[in-house]
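Below: one structure, written as structure tokens.
Side-chain atoms are counted along with the backbone in the values below, which use heavy atoms only and exclude waters and symmetry mates. In each ligand, atom 1 is the first atom listed, and ligand 1 is the first ligand listed.
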Amino acid sequence: MKLTFYGTAAGEGWPGLFCNCELCKEARRLGGKNIRTRTQALVNDDLLIDLPPDTNMHSLVYGLDLSRVNHLLVTHSHSDHFNPTDLEMVREPFAHERPNVFHVYGNSKVKEKLWEQVPGMTGTDTNLEVHVIKPFEEIKIKDYTVVPMLALHDRNEECLFYLIHQGEKSILYAHDTGAFPEQTIEYLVKNKVYLDLVSLDCTQQSVPDGNNHMGLVDAVKEKQRLIELGIADHNTIWIVNHFSHNGLWLHEKMVEEAEKVGFIVTYDGMELVF
Ligand SMILES: [Zn+2]
Ligand SMILES: [Zn+2]
Ligand SMILES: [Zn+2]
């Protein structure tokens, strides 16, 4: 399997779009891996996770090729994960020679937001299909089995993150979430899941959270819990991702701290094959 991280920042981006704090000024000065766009990832070449406002930039700068993508998993409706207006471009005359249907999977709020913001897409003549999905109900997409997991995040909607199986491999892509709810842990245990790759939320970096997001200490606790339960082990690829300037660590410091506890730190454009 291959997983590419096209965007690795929280909602404001890093540097924050309008921010004048020392960390954002320093990121602008340093450039490179300190420049982070809003979170998006691609599994292999065909399964997209989230549609942030930086999607077009990911296409232009990092070579994200959406001409071959027909399936989008959305974690929740927050603007850094779902910018539905871009979906208007999936139909004629904005996109030619595509298969008939582009599939979007998300909670009911994602569906509402899509129809609200792209009213032209509501007719039966559109080539967009929205699937309202529920936690722990399996979805078959091509040769993937995808299971939405329940997140601990915005209490006003059913926020999800994703367990994705292909062949013998399984990945857990967990953004945005605090500590995993018990139902999520129960599902993983009951189904004897073994995870080859885990990408954990680390929005708060140096600041403990666990309630809506995670800091590094919360990610470490979650890692220990998954290992103790036999869901993952030290051969699992452990990743932290989705960073905010409010977490106070620029890329180099984030890498230094994450290495001590066995995590890889993402950067925009990072590709992992496993
Ligand atoms: Zn987010
Ligand atoms: Zn800032
Ligand atoms: Zn969010």
Item to check | Name of whichever N/O/S atom of H245 is nearest to the Zn ion (ligand 2) | outcome: ND1
Checklist entry - Taking only protein atoms, how many N, O or S atoms are found under 2.8 Å from the Zn ion (ligand 3)? => result 4
Next on the checklist: Within 2.8 Å of the Zn ion (ligand 1), is there any N, O or S atom belonging to H175?
Outcome noted: no
Item to check | Basic-acidic side-chain contact under 4.0 Å: E182, K190 | outcome: no
Item to check | Carboxylate-amine/guanidinium contact E26 R29, below 4.0 Å | outcome: yes
Item to check | 4.5 Å side-chain heavy-atom contact, Y187 and P135 | outcome: no
Checklist entry - Are I185 and E222 side-chain neighbours, meaning at least one heavy-atom pair lies under 4.5 Å? => result yes
Checklist entry - If you stand at the Zn ion (ligand 2) and look out to SG of C24 and SG of C19, what angle do those two lines make, to 10°? => result 120°
Checklist entry - What is the ring orientation for Y62 with H58, classed by angle as parallel under 30°, tilted 30 to 60°, or perpendicular over 60°? => result tilted
Checklist entry - Counting only heavy atoms not in E256, do more than 12 fall under 6.0 Å of its CD? => result yes
Checklist entry - If we ignore angles and hydrogens, is there a donor and acceptor under 3.5 Å between the side chains of D176 and H78? => result no
